[in-house]
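Reading through the structure tokens given below for one structure.
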Amino acid sequence: MQKQSKKKIQHYSEAQPIFDKHGISKQLEQAFSRKVNLKSGGALVIDETEALVAIDVNSGKRRAAKNRETNAFNTNMEAADEICRQLRLRDLGGLVINDLIDMGKIANRRKIEQRFEKNLERDRARASVLPISRFGLMEMTRQRIRPSVLDSHYSECRHCTGRGLVKTPEEVASDATRHAGWILRDDRVHLVELACSASVGSSLLSNKRTEFAKYEFFLTYSDILNISSYYCTY
């Protein structure tokens, strides 16, 4: 450590973590959040896909001005600042589609475009912006320097394969019943055991009793001996 730097550094000895005390932890969590709130009451919804990054601007409860055009313009101006900031924080690159709030005046659209261009001047990554379309969409590209923060710290869910959706217990029960019936057609199989969650088991016992009765009848009157078991997990 250089001598001139010693006066600038202070030892932190409090029990509360320093990141928590100064609100840094909350800001780090926001970098992974899908939704980013704006001070005016609006919000950004950021979705990363393999093809592009989609950013939706919601006005929320903002009603500061009586004129709808003015409200839309003010929210879009605030969103322009926050979008460019989030692109840097999250290391987002490639094609970015911004779904802005519709504005009727061409002059207001040009001001939003200029605000984006001014904010992107601070960005080390190269970026280019296209004019706002008639549908309120602004297309832009940003140089991909490294993987995004989300890709660096999160892995794809093995249950939903990154879609964010899983099958309902009823759908899983239907799949399990169909697979069990298909497996039992093999003469080498004498028993099928299904390991499942409580919600799936409840659906099986409530809605699939008729199908299971048919399988049990088949197994009861089967004269096949010394046959292996088959196990499935749901």
Side-chain angles (χ1 to χ4, degrees), residues 1-2 4-6 8-12 16-60 74-101 109-133 135-166:
M1 183 187 301
Q2 297 180 357
Q4 58 267 28
S5 300
K6 289 185 178 180
K8 301 178 182 179
I9 299 176
Q10 297 180 2
H11 177 68
Y12 183 81
Q16 183 183 12
I18 188 170
F19 275 23
D20 291 344
K21 181 176 181 179
H22 295 282
I24 300 176
S25 297
K26 186 175 293 185
Q27 294 184 37
L28 291 174
E29 291 177 4
Q30 192 180 56
F32 301 109
S33 175
R34 179 172 177 261
K35 185 177 180 180
V36 179
N37 294 320
L38 301 176
K39 294 181 180 179
S40 63
L44 304 178
V45 180
I46 305 174
D47 288 311
E48 295 184 47
T49 68
E50 293 185 7
L52 52 84
V53 177
I55 302 179
D56 182 30
V57 181
N58 295 327
S59 59
N74 292 336
T75 303
N76 285 336
M77 287 290 281
E78 185 181 6
D81 297 338
E82 188 61 31
I83 287 174
C84 295
R85 177 174 175 269
Q86 290 297 324
L87 292 177
R88 297 193 301 270
L89 287 176
R90 300 172 184 240
D91 292 323
L92 298 175
L95 180 62
V96 181
I97 306 296
N98 301 300
D99 186 6
L100 305 174
I101 303 173
R109 298 180 188 177
R110 296 295 174 264
K111 291 179 181 179
I112 298 298
E113 295 165 6
Q114 293 171 3
R115 189 65 165 255
F116 268 95
E117 293 172 353
K118 182 179 180 180
N119 288 328
L120 291 173
E121 291 177 356
R122 302 171 51 195
D123 201 335
R124 292 183 299 172
R126 294 191 304 272
S128 59
V129 179
L130 292 181
I132 300 174
S133 70
F135 302 110
L137 300 177
M138 170 181 278
E139 299 178 47
M140 61 178 294
T141 58
R142 183 176 183 270
Q143 180 185 10
R144 194 185 300 275
I145 299 178
R146 53 182 176 267
S148 68
V149 172
L150 199 64
D151 292 336
S152 301
H153 293 81
Y154 284 79
S155 60
E156 188 179 85
C157 172
R158 64 186 181 90
H159 298 288
C160 69
T161 61
R163 294 183 61 192
L165 300 170
V166 295

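The chain is numbered in sequence order, starting from 1. Quick caveat: nothing in here was measured; it's all calculated off a predicted structure.
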Check against side-chain contact (heavy atoms from CB on, under 4.5 Å), Ile83 and Val96: CA-CA 10 Å; Ile83 287 174; Val96 181; 5.5 Å; no
Pairs satisfying salt bridge (charged side-chain N to carboxylate O under 4.0 Å, His left out), at least one member in residues 117-131, at least two apart: Asp123-Arg142
Which residues pass the side chain to side chain contact (heavy atoms under 4.5 Å, CB included) test with [X], sequence neighbours left out?
X	result
Arg158	none
Ser128	Thr141
Arg144	none
Leu165	Arg163

Heavy-atom donor-acceptor pair, Glu113 side chain to Ile132 backbone, under 3.5 Å: yes
Check: Asn76 side chain, Ile101 main-chain N or O, donor-acceptor pair, under 3.5 Å: yes
Would you name the heavy atoms of [X] and [Y] that are closest together and state the gap between them?
X	Y	value
Ala43	Lys35	CB-CE, 3.6 Å
Leu95	Ala51	CB-O, 4.3 Å
Asn119	Cys84	CB-SG, 3.5 Å
Tyr12	Lys21	OH-CD, 3.5 Å
Thr75	Ser59	CG2-CA, 4.1 Å
Leu52	Thr49	O-OG1, 2.7 Å

Got a second to check how far [X]'s [atom1] is from [Y]'s [atom2], nearest 0.5 Å?
X	Y	atom1	atom2	value
Glu139	Leu130	CD	CG	5.5 Å
Leu44	Arg34	CG	CZ	12.0 Å
Glu82	Asn37	CD	CG	9.5 Å
Leu100	Ile97	CG	CD1	10.5 Å
Ile55	Glu48	CD1	CD	9.0 Å
Asp47	Asp56	CG	CG	8.5 Å

Evaluation steps, side-chain contact (heavy atoms from CB on, under 4.5 Å), between Val53 and Ile46: CA-CA 7 Å; Val53 177; Ile46 305 174; 4.2 Å; yes
CZ/Phe19: more than 12 non-hydrogen atoms of other groups inside 6.0 Å: no
Test side chain to side chain contact (heavy atoms under 4.5 Å, CB included) applied to Met138 and Asp99, Val57, Val129, the passing residue: Val129
Arg115: salt bridge (charged side-chain N to carboxylate O under 4.0 Å, His left out) partners, not counting sequence neighbours: Asp81
